[in-house]
Amino acid sequence: MTTIAALDALEILDSRGRPTVEARLTLSDGRAVSASVPSGASTGRHEAVERRDGDLSRYRGRGTRGAVAAIDGEIAAALIGREPRQREVDAALRALDGTPDKSRLGANAILAVSLATARAAALVAGEPLWRHLAAGAEVTLPRPMVNIVSGGLHAGRQLDFQDFLVIPLAASSFSAALETVVAVHAATGELLAERGLSTLKADEGGYGPALPDHRAALRLLDDAVRRAGLEPGEQVAYGLDVAATHFFDAATGSYRLASEQRTLDAAELAGYVEQLAAEHPIVSIEDPLAEDDWPAWAELTARLGGRMQVIGDDLFTTDLQRLERGIAERSANAVLVKMNQIGTISETADVVAHAKAAGFTTVVSARSGETEDDALADLAVGLAGGQIKVGSVTQSERLAKYNRLLRIERDLGEQARLAPLPETLRSA
Ligand SMILES: C=C(OP(=O)(O)O)C(=O)O
Ligand SMILES: [Mg+2]
């Protein structure tokens with residue numbers, strides 16, 4: 001029997017240069033695995049809570065020493081001697097924490113250990129992580145949706161909407177899909193340079209140029225797709241992450257589009273998205289409304305959900321209870337899946353399974369602050385998540401995931417299969 005012999009943690013830095021947690025799990029046979037956790041900027045208020053130190057002299061109060069100490073101390077004491085079994089370890093972590101939002105030990109500490117447990121369990125089973133997570137079920141390579149132009153909290157609020165993404169429609173393999181995206185990304189850079197606009201990158205590697213409004217970003221995508229020798233709506237379509245929570249004014253219940261100097265109510269914002277989708281091949285919209293605007297979500301989904309993917313990110317926060325409400329009220333038809341929003345691998349897997357059973361599509365997602373950890377790729381394949389959102393294609397913390405997917409595709413050989421295009425993405 002192989003058991004957990006030691007657990008310790010280290011404070012490392014994420015892609016924004018902010019501290020985050022890496023856990024190391026050593027097995028009784030001497031082998032060790034590590035796992036590190038990401039951190040969001042446009043976080044939802046219902047997410048599991050990261051533990052951050054209050055000491056302003058260290059990393060401006062963003063340190064993770066408390067989370068590291070929780071792993072080295074309480075968590076290690078509770079898990080040493082146990083077998084690395086995912087559900088048992090995750091249940092023990094939840095019980096030890098004792099809070100509904102994992103704030104006592106910290107969702108960052110808990111996820112680092114949960115993920116290290118997944119790696120350890122795969123190692124003991126002699127399987128790659130994706131195969132272990134699949135537990136015998138059919139696997140697929142995820143279709144990437146990739147941020148090309150950034151706004152919102154990831155790009156100094158140049159635009160209000162956070163992500164303008166491209167989705168390869170025609171590719172029949174993951175590598176071909178990635179190749180399409182890389183061509184559009186490169187063409188976008190060329191066009192920006194030719195037009196004297198900034199080619200500096202935002203947090204997730206998308207471009208963050210000073211564009212006058214959201215339509216300008218969509219026109220730029222049209223031009224870039226054509227420059228890449230493709231046709232918008234044919235080989236590629238677009239997604240938006242509106243991230244509306246972050247420009248919602250709770251006092252007035254309205255949405256403030258600062259870049260367009262106007263304020264809209266929920267129905268007007270839905271109408272605006274609908275108009276943009278009539279002008280450009282937009283097939284997916286994420287967080288088109290704020291995280292607690294439930295009735296407006298149901299109205300928007302009734303209006304647009306038949307012809308596009310409507311994804312809840314801040315709305316669901318990878319939380320099964322919130323997802324269940326969303327399924328019952330038809331608030332959306334897709335869920336963004338972020339491991340650190342909920343804090344354990346087994347709860348993440350439950351959300352994916354539940355969403356699929358209800359006919360929702362799932363998009364496995366990285367955070368804007370990432371590490372070199374590539375487990376997200378294994379998660380997307382192992383849970384057959386269907387789609388993946390990692391950010392752009394020029395930064396190593398993103399490429400760790402894309403390159404891992406390329407390797408998994410190679411290793412699967414003849415059995416490698418890109419997830420089929422869901423019905424909701426076919427409207428372009
Ligand atoms: C990845 C996202 O951003 P963040 O990690 O900043 O929440 C998102 O909103 O989908
Ligand atoms: Mg989002």
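Order of appearance sets the numbers: ligands from 1, and atoms from 1 within every ligand. Note that the coordinates shown come from a computational prediction; the quantities given were computed from them, not determined experimentally. Side chains included, hydrogens not; waters and symmetry mates left out as well; all remaining heavy atoms used.
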So, E50 and S39: side-chain donor and acceptor under 3.5 Å apart, yes or no?
->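 Note: E50 and S39 side chains meet the donor-acceptor criterion.
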
Option among R51, R52, R58, R65 that satisfies the salt bridge (charged side-chain N to carboxylate O under 4.0 Å, His left out) test with E11 |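 So the option named by the test is R58.
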
side-chain hydrogen bond (donor to acceptor under 3.5 Å, both in side chains) with T318: which of E347, Q341, H46, E47?
->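 Single side-chain hydrogen bond (donor to acceptor under 3.5 Å, both in side chains) partner of T318 among E347, Q341, H46, E47: Q341.
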
Spell out the protein N/O/S atoms under 2.8 Å from the Mg ion (ligand 2) as residue plus atom name.
->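 Sorted hits: D241 OD2, E286 OE2, D313 OD2.
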
Angle class for the F174/Y402 ring planes (parallel below 30°, perpendicular above 60°, tilted otherwise)?
->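 If you compare the ring of F174 with that of Y402, the planes turn out parallel.
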
Q321 atom CD, neighbour heavy-atom count above 12 within 6.0 Å |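 Incorrect, the count does not exceed 12.
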
salt_bridge([X], [Y]) N-O dist < 4.0 Å:
X	Y	result
R16	E370	no
R119	D373	yes
R24	D8	yes

Please determine if R262 forms a cation-pi arrangement with Y272, meaning its NZ or CZ atom is less than 6.0 Å from the six-membered ring centre and no more than 45° off the ring axis.
->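 The answer is yes; both the distance and angle limits are met.
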
At a 4.0 angstrom heavy-atom cut-off, what protein residues surround ligand 1?
->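 Residues G40, A41, S42, H154, Q162, E204, D241, E286, D313, L336, K338, A366, R367, S368, K389 each place a heavy atom under 4.0 Å from ligand 1, listed by chain and number.
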
